[in-house]
Amino acid sequence: MARRKFVVGNWKMNGLSDALGEARAIFAAADSHSSVDVAICPPFTLIGAMVATAPGKAVGGQDCHGAASGAFTGSVAAPMLADAGASLVIVGHSERREGFGESDADVRAKAEAGLSAGLSVILCVGEPLAVRESGGAIDFVLAQVAGSVPESFDPQRLAIAYEPIWAIGTGLVPTVGDVAAMHGAIRGALAERFGDAAQAMRLLYGGSVNGDNAPELLNAGDVDGALVGGASLTAAKFVPIVEAAAAL
Ligand code: PGA
């Protein structure tokens, strides 16, 4: 099954109103690469303004609560993201799992909340360095997949992002062989659990993706796109990654 390439910018806790020009430039460049789906996930505070300045483009949140509403000071619910014009949400990023103690069960609840609100979901998994070095990366990640991927969903609306923690923001990247092995293992586990639907799910790689390494990483087996942090903040750095995806 042909899966469209998907390149997603995760702006993390970066971006004030003056960054909207970069988003406009990114989406304008993406318009000439219709074979690639491009999305930007800015901080919550910019979602409404980004949707307004780039109507019809894919704008997403970086997290959501597992409940649809309630007494959760400081949290944002998936229906609120949808109401603000977002069409997707990232859940389970390692900066949430590690920094905010989110468990697989929490991540699964967030994914279910996003899907129920009509959003597409990018669910992140990835191992710490010590696990990679001990040879346990695949087992670790497959346990995260088993614990955090919901039981039933539209496979076109749930992507998984494999992001080795030690590769995020460090400039380090796994070998293409290691990326292909991990993505193949994830696809295999999804196929065992969900059958043919696994072929429709997109698997993204994330962790120090840039314009130079994107052609190789995006071409690795079972890689359907990239989740990009630092290199997604400007059009100058992000557009070459979109171009690399379009060239495949
Ligand atoms: P990075 O971040 O591209 O800056 O390594 C990726 C991510 O955390 O999604």
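Predicted model, so just to flag it, every value in this text is computed and none were measured.
In plain terms, the two heavy atoms of I90 and C124 that are nearest each other are CG2-SG, 3.7 Å. In plain terms, the two heavy atoms of I26 and A235 that are nearest each other are CG1-CA, 3.6 Å. Pairing each heavy atom of P174 with each of P164, the nearest pair is CG-CG, 3.7 Å. Of all heavy-atom pairs spanning L20 and A49, the tightest one is CD1-CB, 3.7 Å. Minimum interatomic distance between P43 and W11 (heavy atoms only, all atoms of both residues): CD-CB, 4.2 Å. Across every non-hydrogen atom of H33 and A246, the tightest pair is ND1-CB, 3.5 Å.
With hydrophobic clusters built from ILVMFWY side chains whose heavy atoms lie under 4.5 angstrom apart, L233 shares a cluster with M50. At a threshold of 4.5 Å between side-chain heavy atoms, the hydrophobic network of Ile, Leu, Val, Met, Phe, Trp and Tyr places V209 and V239 in two separate groups. V107 and I186 fall within a single hydrophobic cluster, where Ile, Leu, Val, Met, Phe, Trp and Tyr side chains are chained together by heavy-atom contacts under 4.5 Å. L158 is connected to V223 through a chain of hydrophobic side-chain contacts under 4.5 Å among Ile, Leu, Val, Met, Phe, Trp and Tyr, so both are in one cluster. Linking ILVMFWY residues whenever their side-chain heavy atoms come closer than 4.5 Å, directly or via other members, leaves V8 and V149 in distinct clusters.
Between D106 and R96, no side-chain nitrogen of the basic residue sits less than 4.0 Å from a carboxylate oxygen of the acidic one, so the salt-bridge criterion is not met. Between K57 and D31 a salt bridge is recorded (basic side-chain N to carboxylate O distance below 4.0 Å).
Using a 4.5 Å heavy-atom threshold, the side chains of V125 and F140 count as separate. Between R202 and S120, every side-chain heavy-atom pair lies at or beyond the 4.5 Å cut-off. A 4.5 Å side-chain heavy-atom check between L123 and V91 finds at least one atom pair inside the cut-off. Side-chain contact check for F194 versus E151: some heavy-atom pair is nearer than 4.5 Å. Using a 4.5 Å cut-off on side-chain heavy atoms (C-beta onward), T170 and S208 make contact. Looking at P42 and I47, their side chains come closer than 4.5 Å, going by heavy atoms from C-beta outward. A 4.5 Å side-chain heavy-atom check between C41 and L88 finds at least one atom pair inside the cut-off. T53 places none of its side-chain heavy atoms less than 4.5 Å from the side chain of F27.
Between the side chains of Q62 and H93, no donor-acceptor pair is found at a separation under 3.5 Å.
F6 pairs in a side-chain contact (heavy atoms from CB on, under 4.5 Å) with only one of the listed residues (I122, D224, V38), which is I122.
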*Trace of the side chain to side chain contact (heavy atoms under 4.5 Å, CB included) decision for Q199 with L190*: CA-CA 9 Å; Q199 299 308 319; L190 294 169; over 6 Å; no
*asked:* With side chain to side chain contact (heavy atoms under 4.5 Å, CB included) as the criterion, how do I168 and K12 come out once you've worked through the C-alpha distance, each side chain's angles and the decisive distance to 0.1 Å?
replied: CA-CA 12 Å; I168 294 176; K12 308 192 179 184; 3.4 Å; yes
_Full working for side chain to side chain contact (heavy atoms under 4.5 Å, CB included) between Q144 and R97_ = CA-CA 11 Å; Q144 287 183 321; R97 288 179 184 264; 3.8 Å; yes
*Go through the steps for V121 and F153 under the test side chain to side chain contact (heavy atoms under 4.5 Å, CB included), then give the verdict.*
CA-CA 10 Å; V121 169; F153 51 88; over 6 Å; no
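Within the model, atoms CD of Q156 and CZ of R3 stand 10.5 Å from one another, a figure rounded to the nearest 0.5 Å. Separation of atoms OG (S75) and CG (D63) is listed at 7.5 Å; rounding is to 0.5 Å. Put simply, CD1 on I165 and CD on E127 are 7.5 Å apart, with the number rounded to the nearest 0.5 Å. Rounding to the nearest 0.5 Å places CG of D222 at 11.5 Å from CD1 of I160. The CG atom of L204 lies 12.5 Å from the CG atom of L217; values are rounded to the nearest 0.5 Å. Considering CE of M182 and CZ of R187, their distance stands at 14.0 Å, rounded to 0.5 Å.
Side-chain N or O atoms of K110 include one that pairs as donor or acceptor with a backbone N or O of C64 at under 3.5 Å. Checking side-chain atoms of R157 against main-chain N and O of L119 turns up a donor-acceptor pair under 3.5 Å.
Using the six-membered ring where Trp is involved, H183 and Y162 have ring planes that are perpendicular, over 60° apart on the 30 and 60° scheme.
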